[in-house]
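Counting convention: from 1, in listed order, for ligands and their atoms alike. For the single chain, residues carry numbers from 1 onward in sequence order.
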Amino acid sequence: MLSIKEVKAILRKYNIRPSKYLGQNFLIDQNVQGKIINALDIKRQDTVLEIGPGLGALTDEVCKWAGKVIAIEKDRRLCNFLLQNTSYANLDLFSEDILKYNFGKRRGLKVIGNLPYYITSPILTYLLDNRPSIESIFITVQKEFAQRLVAWPGTKDYSSISCFTQFYAEPEILFNIRRKCFYPVPGVESCFLRINIREKGLFLTNEDKLFKIIRTCFGKRRKTVLNSLSSNSAFGSKEAVEGRLKDIGIDPKRRPETLSIEEFVRINDGLPNPSA
Ligand code: SAM
């Protein structure tokens, strides 16, 4: 893989100043590269979708093992570099925003990437929205974000993104990555995650309404579940919400961060549909 000297030389040669705006921190640590490639466990039949290949720190190795690699890089300058310096027959490189990528009828994708930190949450949400196309996701993200994804009820990191992710997938932190493994050195520590997509959501329920309830509750973290929900008239009057919560055995005075996904689903099933 490219050393820090080589990365700097390429950036100079192609007149590229790493863009903070695009979250450009390039992996320069061979040990971490090896750990990531091992974790991916790529098979010849795999189609891999790489988000933000940058200078190709992962792309080269992935192309050696996968049947097909689709790489989506927003920065045209980096795409040009990759086009001029890689020649893998199984690589399709697109200069595009991942948030506009059309997954179409693709199935079974392995999605990988050292993600740009500035849009980690929208990217993960977009991937989960397109989950029928995806089998698993392997990403490097900011450590705090990773901790939120795997957080359990009752912890300070537990939030609506924990619920959303755990409803549709099984996130697991595989290892930490130090800042100095990237150039330029980012301001935060990172974690590498595996997120296996569940075949079905965790529970059978009205998912749109469920996530509306979860967002409403976490939007007012310090309030009780009763006060959060009754601040949104769509869920009925305060008295009606209180009655429903008691009927389903949820103490109306509980704080949202103490509620498990299963309890949110019970609330969801117990409250009338907003349009009803
Ligand atoms: N994979 C490379 C590595 O590990 O060295 C680069 C990782 S860097 C943290 C993130 C990469 O994502 C950059 O190459 C950046 O240009 C690209 N990027 C940023 N926003 C993007 C977007 N919306 N869609 C696709 N790529 C994006």
Legend entry - Evaluation steps, side-chain hydrogen bond (donor to acceptor under 3.5 Å, both in side chains), between R106 and Y101: CA-CA 12 Å; R106 289 194 181 282; Y101 178 70; 3.1 Å; yes
Legend entry - Options G52, G54, A71, G23, ranked by nearest heavy atom to atom 1 (N) of ligand 1, top entry: G52
Legend entry - Residues E262, R266: salt bridge by 4.0 Å N-O rule: yes
Legend entry - D75 side chain to R77 backbone, donor-acceptor under 3.5 Å: yes
Legend entry - Atom indices of ligand 1 within 4.0 angstrom of I72 heavy atoms, with elements: 25 (C), 26 (N)
Legend entry - ligand 1 contact by L99, heavy-atom criterion under 4.0 angstrom: no
Inset, instruction - Quick one: look up the protein heavy atom nearest atom 2 (C) of ligand 1 and list residue, atom name and how far away it is. - result: P53 O, 3.3 Å
Inset, instruction - Could you check atom 4 (O) of ligand 1 against the protein and tell me its nearest heavy-atom contact, residue, atom and distance included? - result: N114 ND2, 2.7 Å
Inset, instruction - Could you tell me whether L78 approaches ligand 1 through its side chain, its backbone, both or neither, with non-hydrogen atoms closer than 4.0 Å? - result: side chain
Legend entry - Check: Q166 side chain, L149 main-chain N or O, donor-acceptor pair, under 3.5 Å: yes
Inset, instruction - Assess L55 for proximity to ligand 1: is some non-hydrogen atom of it under 4.0 Å away? - result: no
Legend entry - Within 45° cone of F138 ring axis and under 6.0 Å: R194 NZ or CZ: no
Legend entry - Donor-acceptor under 3.5 Å (N176 side chain, E189 main chain): no
Legend entry - Any Y118 heavy atom less than 4.0 Å from ligand 1: yes
Inset, instruction - Dump the intermediate steps for side-chain hydrogen bond (donor to acceptor under 3.5 Å, both in side chains) on Y183 and D29, then the final yes or no. - result: CA-CA 10 Å; Y183 174 81; D29 187 294; over 6 Å; no
Legend entry - N-O pairing of R148 and E144 below 4.0 Å: no
Inset, instruction - List the closest protein heavy-atom neighbour of atom 14 (O) of ligand 1: residue, atom name, distance to the nearest 0.1 Å. - result: E73 OE1, 2.7 Å
Legend entry - Sole residue of F167, F264, F218 in ring pair (Phe, Tyr, Trp, His ring centres under 6.0 Å) with F211: F167
Legend entry - Nearest option to atom 21 (C) of ligand 1, as decided by whichever heavy atom of K74, Q24, E96 sits closest: K74
Legend entry - Check: D97 N/O within less than 3.5 Å of ligand 1 N/O: yes
Inset, instruction - Answer yes or no: is there an ion pair linking K223 with E257, defined by an N-O contact shorter than 4.0 Å? - result: no
Inset, instruction - Please state whether the rings of Y126 and F103 are parallel, tilted or perpendicular, taking 30° and 60° as the class boundaries. - result: tilted
Inset, instruction - Would you indicate which of V32, I51, I98 comes nearest to atom 24 (N) of ligand 1 when only heavy atoms are counted? - result: I98
Legend entry - Atom indices of ligand 1 within 4.0 angstrom of N25 heavy atoms, with elements: 7 (C), 8 (S), 9 (C)
Inset, instruction - Could you tell me the residue and atom name of the protein heavy atom closest to atom 19 (C) of ligand 1, and the distance to it rounded to 0.1 Å? - result: L22 O, 3.1 Å
Inset, instruction - Examine the proximity of ligand 1 to E50 and report which part, side chain or backbone, both or neither, has a heavy atom under 4.0 Å away. - result: side chain
Inset, instruction - Can you sort out which atoms of ligand 1 are near I119, meaning under 4.0 Å from one of its heavy atoms? - result: 23 (N)
Inset, instruction - For ligand 1, indicate whether the residue S19 contacts it via side chain, backbone, both or neither (heavy-atom separation under 4.0 Å). - result: neither
Inset, instruction - Please identify each residue that fulfils ring pair (Phe, Tyr, Trp, His ring centres under 6.0 Å) with F175, with sequence neighbours left out. - result: F192
Inset, instruction - Between T59 and ligand 1, find which residue part has any heavy-atom pair under 4.0 Å and reply side chain, backbone, both or neither. - result: neither
Legend entry - Residue and atom name of the nearest protein heavy atom (relative to atom 3 (C) of ligand 1), distance in Å to one decimal: L27 N, 3.7 Å
